[in-house]
Structures are given as C-alpha cells and as structure tokens.
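Proteins come first, then strands; the chains are lettered A, B, ... in the order of their sequence lines, and each starts at number 1. In this text the structure is predicted, and so the values were computed from the model without any measurement.
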Protein chains: 2
Amino acid sequence: MKKNLKEIPVSDENCPVRKTLGLLGGKWTLLILFQINNRVIRYGDLKRAIPGISEKVLIQELNFLVKNKLVTKKSYNEIPPRVEYQLTKTGLNALPIADRLATFGLENVE
Amino acid sequence: MKKNLKEIPVSDENCPVRKTLGLLGGKWTLLILFQINNRVIRYGDLKRAIPGISEKVLIQELNFLVKNKLVTKKSYNEIPPRVEYQLTKTGLNALPIADRLATFGLENVE
DNA sequence: AATAATTCTGACCATAAGGTAAGTACTATA
DNA sequence: TATAGTACTTACCTTATGGTCAGAATTATT
C-alpha cells in the first residue's frame, strides 16, 4: 500500500522549491512569462500587457530570462526597431506555475 | 471548435496572477506553506525544516499567513511553550503552486 | 549554578530590488 | 517642424525586505 503521508525533506539549498524561487521569485518574473505564454510578442506589446511595470525593470527581466534560457529574443534590423520575444522549452515548462497562480488568485484572493 | 490560442488579457491590478503574487510572492512564503503542507507542525520543527531562515522572518511570515487565513495557529498553555501551525483550506489550495515549483526545479534548474 | 530549550519581540542596519526621469537614434506622420 | 513611435540605456534615489543580535519568561537538566 502506498504512503499516504509523504515525508517532506528539509528544505536546504538543494530544495527544488527553493531553487525555483531563486530563479523565478522576482516581483514580475512569473507574470512576464505568463504574458508571453505561447506567443511571439514584441517588446512594446508586452509592456502594454503589464501596466505599471517600468521599462527598466521589464528589459532587465527580459535580459535575465534570456540569459537563463527561459526566453529567446529576436531582433530585426529595421527602423523603427522590432524585437520579438518568446518562451523556450524551459520557459514553457514554467507556465503551469503561472496557471496555478492564476487559479489560486481567482478562487482565493479577495 | 474550441479556441486553441487563448487570448491573454492585459495584466492590470485585477489580474489573478498578480494578486496571488502580491499575497504569496515573498522570498519564503511559498516555501513555508510547502513545508507545513498537510502537517500539524511546531514552530521549532518548521524552523529546522527551513535552514537559513531567520527567526524574525519566519515568525513575521507566519503572522502574515495567519492574518490572511492561510494558516491557523494553536498555542498550548505549557512551559516550555508549544505552538502548532497548520494550513487552512485556503492554505491547502496554495499547495499545487508549491508542487509546480518543485517539479520545475527538479526538471529545469541547474 | 549554569546551560539548554521553548516561542517569540524589538532595535538596528545592510542590501537589493525596484521606481523615476531623462536621453539616444532613427523615421514616419501630421 | 514638431510630435510620436520604436527599443532600449543610464544615473540616481527610495523603499522594502530581510538579516543580526540581544533579550524575555519559564522550566528541566546537568
């Protein structure tokens, strides 16, 4: 018979929850991934999709996500500039987290 | 036929992802909920389950979670003191988020 | 008599995260 | 000719968050 009460190991530095929080725990990080979702989206559209975020922070986060291979960036040599972002495989793997945040928010917040 | 590409609404202040992040977006919050899980756990055990967290922050977070009805607290009038914490229904609803964080961490981080 | 263990509290400080605002370079549009 | 739109960058400052450390009250243990 299966174990009903799973034992919860001590959450040291190797704890997967902790590691994920270290990577995606920023104020805006998961929201940005959620907004990109499975779209190919331009910087300006993304910015308008997240009212309140500053340009500095949005670009900062996008660079961070590109560096950590959650997002890819494609720049076209055009004037005016055009830059498109989309999730990598790893980035797509983070979407279920965002979906749970959404579900929880709908059912439990306020 | 069903919509394949779901439209993603602009994430203003009412966005459920944002609201959840506002509530559970602290550095330790989801890890604490994950550690409590479906246990009844004493403060000291919880503290030992999360190496690195300071007592001040742990208590601060627990008070916050009690205030927001994600956690209940039961104090016994004993010496030495005994205090037990456990998740409310709402707190239990947050566990799937932590589970996804764990899954993602196992499969995608490092 | 000293130490450890329990669950906190509070004062103080350091860091990092995020916000503001201005600027850049180029073009199309009015 | 002035304004708006594109995607940023940079300098500066504010705030929030979290960390350190000491102490408090009580008892059991050594």
Taking CD from B:Glu61 and C1' from D:dG18, how many angstroms apart are they, rounded to a whole number? 10 Å
Sorted by number, the residues of residues 46-58 of chain A with heavy-atom contact under 4.0 Å to DNA chain D: A:Arg48, A:Glu55, A:Lys56
I need the residues from residues 27-37 of chain B with at least one non-hydrogen atom less than 4.0 Å from DNA chain C; give them sorted by number, or say none. none
Round to a whole Å and report the spacing from CZ of B:Phe64 to C1' of D:dT17. 13 Å
Can you give one letter per nucleotide of nucleotides 24-30 of chain D, going 5' to 3': B for a protein heavy atom under 4.0 Å from the base, S for sugar-phosphate only, - for none? --SS---
Quickly work out the B:Ile59 CD1 to D:dC21 P distance and round it to whole Å. 18 Å
Taking only residues two or more places apart in sequence or in another chain, which ones pass salt bridge (charged side-chain N to carboxylate O under 4.0 Å, His left out) with B:Glu107? none
Considering every strand and a 4.0 Å limit on heavy-atom distances, what is the contact class for B:Tyr76: base, sugar-phosphate, or nothing? nothing
Please give me the minimum heavy-atom distance between B:Ala98 and A:Val17, naming the atom from each residue. O-CG2, 3.9 Å
Provide the start and end nucleotides, 5' to 3', of the part of DNA chain C that has atoms under 4.0 Å from heavy atoms of chain B. C:dT6 to C:dA11
Sequence-distant partners of B:Asp45, salt bridge (charged side-chain N to carboxylate O under 4.0 Å, His left out), two or more places apart: B:Arg48
Using only atom types and a distance under 3.5 Å, with no angle test, would you say the side chain of A:Gln35 pairs donor to acceptor with the backbone of A:Ile41? no
